[in-house]
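Report on one structure; see the data block that follows.
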Amino acid sequence: MTDYLSRLNPEQREAVETVDGPVLVLAGAGTGKTRVLTSRFAHILLTKRAFPNQVLAVTFTNKAAREMRERVAAILGHPAEGLWLGTFHALCARMLRRHAELVGLTSNFNILDTDDQLRLLKQVMEAARLDLKRFPPPALMAIIQRWKDRAITPDKITVAEDSDFANGQARTLYAAYQERLKTLNTVDFGDLLLHMTEILRTHPDVLAQYHRAFRYILVDEYQDTNLVQYLWLRLLAQGHKNICCVGDDDQSIYSWRGAEVENILRFEKDFPGAVLVKLEANYRSTAPILAAAAGLIAHNSGRHDKTLRSGKNDASGEKVQVIGLWDSDEEARMVGDRMENLRRDGHKLSEMAVLVRAGFQTRAFEERLITLGLPYRVVGGLRFYERAEIRDAIAYCRVLNQPADDLAFERIVNLPRRGVGEQALRAMHERSREAQIPLTAAAATLVAESGLRGKVRAEVGNLLDQFGQWRAALDRDGHVETVARMLDESGYTGMWKADKSPEAPGRLDNLKEMVRALVDYESLGAFLDHVSLVMDNEENADADKVNLMTMHGAKGLEFDTVFLPGWEDGLFPSQRSMDESGGKGLEEERRLAYVGLTRARKRSIISHAANRRIYANWQSNVPSRFIGELPETEIEVGGSQATKRPPSFTTAFPLVARSTYVAQPRVVASWEQPARAVATKKYAQGARVFHDKFGYGTVTSVEDDKLNIAFDKAGTKRVIDRFVTEAAQ
DNA sequence: AGTGGGACGCTTTTT
DNA sequence: GCGTCCCACT
């Protein structure tokens with residue numbers, strides 16, 4: 001029973017056994033953060049300090065929550081019941097259902113997804129007669145979200161603090177948006193935290209109730225918390241002060257969505273008497289990888305000082321490779337070739353990953369892997385519940401659950417087609433506004449008073465009747481059967497059955513899958529909560545496939561071999577990030593590089609290309625300044641355009657705008673970039689070339705930009721020169 | 001009301 | 001280079 005303690009090193013053990021009072025665990029990459037968190041949880045339960053329902057454990061992602069639940073159960077030897085373990089949002093939703101009336105909602109409120117948030121805001125802006133071209137709704141959405149991240153309600157924004165969006169109207173629009181949300185009995189993601197924090201702050205009785213309930217609080221990934229999350233935690237922790245936050249300031253990569261590293265840097269001030277435990281023994285990566293990562297991150301300022309040391313007692317290991325290539329195609333070929341070689345040597349594909357800065361970069365690798373016939377998976381694509389048919393079906397469920405959900409009703413009122421066009425919809429909206437009633441109720445009165453045209457009236461009337469019947473059936477027959485019936489009787493599944501497009505059968509399958517998933521929930525409401533808060537990709541991670549993902553997406557994962565392509569200034573570090581957030585942006589990019597590098601257990605291969613096709617055109621690039629920041633002793637340079645060690649940009653050109661340093665050609669020259677300009681790239685007769693579809697071949701003749709090529713496998717073709725590249729050798 | 005084509009614009013992501 | 005979004009046409 002206590003062997004969970006014996007498996008810990010001394011510092012981990014301290015983090016687990018310092019149970020009372022505030023504790024900050026600074027857990028560097030690969031130092032056993034999850035193990036500490038789960039052991040601590042189990043330790044609290046096993047030493048009888050608290051019952052399972054007296055511990056509040058908070059994570060950011062559902063995946064992390066699930067993992068913690070499983071691992072706690074493994075230590076206990078049985079699944080723990082009644083845990084308050086989940087994401088910030090899921091826990092807040094659970095609390096808010098109990099106190100909804102305090103913020104003018106009822107406990108069956110719906111949670112809007114991002115799409116609905118935007119549509120609602122658009123409506124609010126249209127009502128304010130704003131030109132949506134000049135003032136894009138997504139921009140305002142972002143402003144409002146940042147306010148919510150900082151726990152700022154509309155009444156707290158002074159004129160001076162108002163953003164200059166639409167001549168200082170942002171505050172008013174925000175207030176109007178919040179009003180609309182309340183009328184629709186809905187909340188957006190930000191509201192879950194905002195409302196709960198507001199409630200805890202203004203209702204001491206409610207706060208006291210939670211102080212009694214939670215004796216211990218555990219927080220994962222503390223460096224990613226935003227202000228409102230911090231306030232929520234601080235309020236809850238005031239009771240027993242037993243709060244333990246685990247995180248790593250060096251892995252803070254989400255400031256752009258409101259996370260504030262300052263929270264973790266300030267912990268000891270926020271929680272006086274806090275014990276600080278540093279986990280520095282890394283059990284994941286080889287010594288060179290750790291040393292390279294340490295050298296890199298040392299270029300950041302204002303961090304908690306900590307040094308990762310290898311916990312494995314072996315100084316061996318491959319150096320970090322830095323490969324310079326002519327263009328992005330050659331880069332993709334290099335990665336593919338190396339993967340093939342590794343596989344030939346018995347390495348599993350699932351132990352290899354390509355980590356990119358931005359999603360679009362995966363494409364080049366996908367294409368290459370297809371030609372090579374290497375199976376791959378792209379992590380972080382479209383999720384199940386983001387598919388159109390699932391969102392439609394969910395909209396039906398939302399109306400069933402909560403008739404005041406206008407956004408959901410609007411989505412399905414004409415799906416399948418019921419002849420409800422712009423005019424009919426406008427009439428409903430007008431009535432809804434005049435009578436201050438939800439859209440469904442407005443539609444009902446219009447039907448009753450013949451306020452709609454014949455066919456539309458009959459169809460809408462029928463739909464409303466049906467909703468009445470389904471709602472009655474909900475209690476009688478249960479939610480699974482009722483939803484299945486609703487999707488059939490409404491004509492929604494029929495619509496896809498009649499659809500002749502190739503995707504239609506797949507969509508029908510997805511709908512069946514969704515109905516099947518309903519069985520796992522005790523009620524429709526529980527299912528809807530799950531869908532909006534918890535549902536995520538449940539891909540089979542077992543299949544032996546190469547992983548393609550962003551560095552953000554790779555946080556928390558590890559692989560034997562990690563490819564880090566596209567380390568070029570402007571791409572990584574991203575120009576936009578530096579333009580928008582200056583020095584802070586660059587530091588965050590550097591932390592991202594640190595995260596990427598430390599995903600590797602055995603080897604990491606960084607690469608950069610002199611020329612890259614971004615969207616339609618080619619762009620010349622210079623190796624990333626981060627390459628210059630890697631300690632020379634830990635890296636090995638190679639590739640057709642092997643980097644001569646570049647000057648460290650941070651010291652040579654501290655944070656200058658791109659235009660400034662590009663204007664200094666000597667920088668490029670000193671790096672011995674190839675003299676060839678992209679524009680003059682031409683092929684001579686006899687040149688060996690490579691084509692994405694046709695493979696390798698020899699140029700037989702040249703006419704302007706058209707080449708006749710005898711391909712080794714695909715015969716002779718006439719091809720425009722930009723479709724081929726010079727063969728690698 | 002429904003569809004087709006042109007204009008646009010394009011980090012990162014969770015909930 | 002591609003997907004989407006909106007508007008204009010039928």
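In what follows, every heavy atom counts, from backbone to side chain, and hydrogens, waters and symmetry copies are set aside. A note on names: the letters A, B, ... follow the listed sequences, proteins ahead of strands, and every chain is numbered from 1.
The side-chain contact (heavy atoms from CB on, under 4.5 Å) check on A/Asn185 picks up A/Leu105, A/Thr106, A/Asn108, A/Phe109, A/Gln402, with sequence neighbours excluded. Listed by chain and residue number, nothing satisfies the side-chain contact (heavy atoms from CB on, under 4.5 Å) test with A/Arg129 (two or more places apart in sequence, or in another chain). Residues passing the salt bridge (Lys or Arg N to Asp or Glu O under 4.0 Å) test with A/Glu558 are A/Arg284, A/Arg601, sequence neighbours excluded. Not counting sequence neighbours, A/Glu260 has no partner by the salt bridge (Lys or Arg N to Asp or Glu O under 4.0 Å) test. Applying the side-chain hydrogen bond (donor to acceptor under 3.5 Å, both in side chains) test to A/Gln117 and every residue at least two apart in sequence or in another chain returns A/Gln145. When the side-chain contact (heavy atoms from CB on, under 4.5 Å) test is applied to A/Ala393, the partners found at least two apart in sequence or on another chain are A/Leu487, A/Leu511, A/Met514. Taking A/Tyr210 as the reference, A/Arg98, A/His99 meet the side-chain hydrogen bond (donor to acceptor under 3.5 Å, both in side chains) condition, with sequence neighbours excluded.
In this entry the base of B/dT11 is syn relative to its sugar, with a glycosidic angle within 90° of 0.
Counting non-hydrogen atoms under 4.0 angstrom, A/Arg418 reaches nothing in the nucleic acid.
Side-chain nitrogen and oxygen atoms of A/Asn62 include at least one within less than 4.0 Å of the OP1 or OP2 phosphate oxygen of B/dT15. For A/Lys63, no side-chain nitrogen or oxygen approaches OP1 or OP2 of B/dT15 to under 4.0 Å.
A/Leu415 places its CG atom 14 Å from the P atom of B/dA1, with the value rounded to the nearest Å. B/dG2 atom P lies 12 Å from atom CG of A/Leu425, rounded to whole Å. Taking atom CG of residue A/Asn226 and atom C1' of nucleotide B/dT15, one finds them 11 Å apart after rounding to whole Å. Separating the CZ atom of A/Arg613 from the C1' atom of C/dC2 is a distance of 13 Å, rounded to the nearest angstrom. Atom P of nucleotide B/dT13 and atom NE2 of A/His89 are separated by 16 Å, given to the nearest angstrom. For A/His530 and B/dT15, the NE2 to C1' distance is 13 Å, given to the nearest whole Å. Distance CD (A/Glu459) to C1' (B/dA1): 14 Å, rounded to an integer number of Å. Rounded to whole Å, atom C1' of C/dG1 lies 16 Å from atom CD of A/Gln361.
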Pull out every protein N or O sitting under 3.5 Å from an N or O of nucleotides 7-10 of chain C, one pair per line with the distance.
none

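A side-chain donor-acceptor contact under 3.5 Å links A/Asp149 and A/Asn226.
Between A/Phe88 and A/Ala424, the residue anchored closer to the 5' end of DNA chain B is A/Ala424, taking for each the nucleotide with the nearest heavy atom.
Ion pairing of A/Lys148 with A/Asp188 is present here, as a side-chain N (NZ or NE/NH1/NH2) and a carboxylate O approach within less than 4.0 Å.
Comparing B/dT14, B/dT15, B/dG2 against the side chain of A/Arg257 picks out B/dT14 as the nearest.
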Which letter, B, S or -, goes with each nucleotide of nucleotides 3-12 of chain B from 5' to 3', with contact meaning a protein heavy atom under 4.0 Å?
-------BBB

